[in-house]
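Reminder, nothing fancy here: chain letters follow the sequence lines and each chain counts from 1.
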2 protein chains.
Amino acid sequence: MSLLEAAGLSISEAAERTSLTVHTLRYYEREGLMLGPVDRSSSTHRRYSEADITWVVFLSRLRSTAMPIARIREYVALVRRGDDTTQERLALLTAHRQTVLATLDEVRTSLAAIDYKIAAYSKGNPVS
Amino acid sequence: MSLLEAAGLSISEAAERTSLTVHTLRYYEREGLMLGPVDRSSSTHRRYSEADITWVVFLSRLRSTAMPIARIREYVALVRRGDDTTQERLALLTAHRQTVLATLDEVRTSLAAIDYKIAAYSKGNPVS
DNA sequence: CTAAAACCTAGAGTGCGCTCGAAGTCAAAT
DNA sequence: ATTTGACTTCGAGCGCACTCTAGGTTTTAG
């Protein structure tokens with residue numbers, strides 16, 4: 001960190017803030033998942049703004065709900081296009097929400113079956 | 001299906017019953033995920049018993065809660081070993097249960113963030 | 001000024017879970 | 001008996017999301 005405290009975070013600081021690795025941050029950028037180009041400090045090194053961090057955190061939320069990289073790219077394209085693509089963005093997120101709910105449901109159902117077996121084992125029942 | 005109605009299902013029937021493909025059924029077997037060898041009808045063709053189907057369905061539950069193939073293989077090894085490995089099996093399932101609960105929690109948290117953004121879009125707020 | 005640490009790009013490699021293709025065998029219907 | 005379609009094995013191929021390597025440049029601490 002320089003004495004003149006540059007505006008923005010280095011990539012390793014960004015990595016720490018977002019719980020991603022520097023590799024993954026560069027990868028996401030290469031894949032076109034950043035809303036705009038990340039600033040470069042007086043040279044070639046990336047400087048992440050708070051807005052960048054906020055976005056990456058949201059991006060991570062999309063990933064942790066299993067939105068594919070390609071779909072995130074579509075969303076980003078809409079944001080970049082600007083001039084009222086808000087309905088499309090809303091539709092995209094709403095559709096994603098539905099698939100997440102469906103997945104949650106399936107996981108809960110499966111978990112119930114697993115719990116059932118756990119209960120059987122706990123009671124010493126013969127199960128496999 | 002023969003006239004003498006063979007005992008057990010063909011692989012394609014098993015696929016239908018379990019919502020897997022025949023490819024996946026063979027793959028799982030190759031990977032050592034079946035509790036024992038699947039019967040072969042008067043020749044080389046697989047015949048799935050009801051017990052086989054029951055197991056594959058449970059196996060699918062483990063998979064849909066993201067248990068890795070390798071861990072399922074460990075579980076299967078315990079079942080095969082028999083002579084009271086029930087405590088280990090219980091431990092394995094219980095540990096898995098914890099990771100599923102943790103994942104569910106993370107997904108729910110992420111979904112809340114997504115819902116928040118959906119709400120913002122719905123209200124016509126400026127968001128990305 | 002110099003050395004060490006952090007950064008850069010481009011491209012290759014990895015791990016997982018399937019998924020498919022080729023080449024051949026078997027079974028059910030005509 | 002023959003054709004059609006389902007089955008077999010073995011191994012290769014694929015899609016996804018990272019993850020790492022190599023070789024070079026930049027920054028920062030001393």
Within this structure, what is the [atom1]-to-[atom2] distance between [X] and [N], rounded to whole angstrom?
| X | N | atom1 | atom2 | result |
| --- | --- | --- | --- | --- |
| B:Arg30 | C:dC20 | CZ | C1' | 10 Å |
| B:Ile11 | D:dG5 | CD1 | P | 19 Å |
| A:Arg46 | D:dT27 | CZ | C1' | 16 Å |
| A:Tyr48 | C:dA6 | OH | C1' | 14 Å |
| B:Tyr27 | D:dC7 | OH | P | 21 Å |
| A:Leu62 | D:dC16 | CG | P | 17 Å |
| B:Glu29 | D:dT9 | CD | C1' | 12 Å |

**Prompt:** Axis-to-axis angle across the helix from C:dC1-D:dG30 to C:dT30-D:dA1, five pairs an end, to 10 degrees?
**Reply:**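 The helix from C:dC1-D:dG30 to C:dT30-D:dA1 shows an end-to-end axis angle of 10°.
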**Message:** Please determine whether a side-chain nitrogen or oxygen atom of B:Thr24 lies at a distance below 4.0 Å from atom OP1 or OP2 of C:dG17.
**Reply:**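 Indeed not, no polar side-chain atom of B:Thr24 lies that close.
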Could you tell me whether the side chains of [X] and [Y] share a donor-acceptor contact shorter than 3.5 Å?
| X | Y | result |
| --- | --- | --- |
| B:Arg89 | B:Thr85 | yes |
| B:His96 | B:Thr65 | yes |
| B:Arg40 | B:Thr44 | no |

Determine the contact category for [X]: base if any of its heavy atoms lies under 4.0 Å from a base atom, sugar-phosphate if only primed atoms, P, OP1 or OP2 are that close, otherwise nothing.
| X | result |
| --- | --- |
| A:Ser12 | sugar-phosphate |
| A:Arg26 | base |
| A:Arg63 | sugar-phosphate |

**Asked** For DNA chain D, which residues in residues 92-111 of chain B have a heavy atom at a distance below 4.0 Å?
**Response**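 None - not one residue of the stretch has a heavy atom sitting under 4.0 Å from the strand.
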**Message:** Taking the basic N atoms (NZ, or NE/NH1/NH2) and the acidic carboxylate oxygens, is any pair closer than 4.0 Å for B:Arg26 and B:Glu31?
**Reply:**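 Salt bridge flag = no for B:Glu31 with B:Arg26.
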**Prompt:** Does A:Asp39 come within less than 4.0 Å of A:Arg46, counting only side-chain N to carboxylate O?
**Reply:**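 Answer for the salt bridge query: no.
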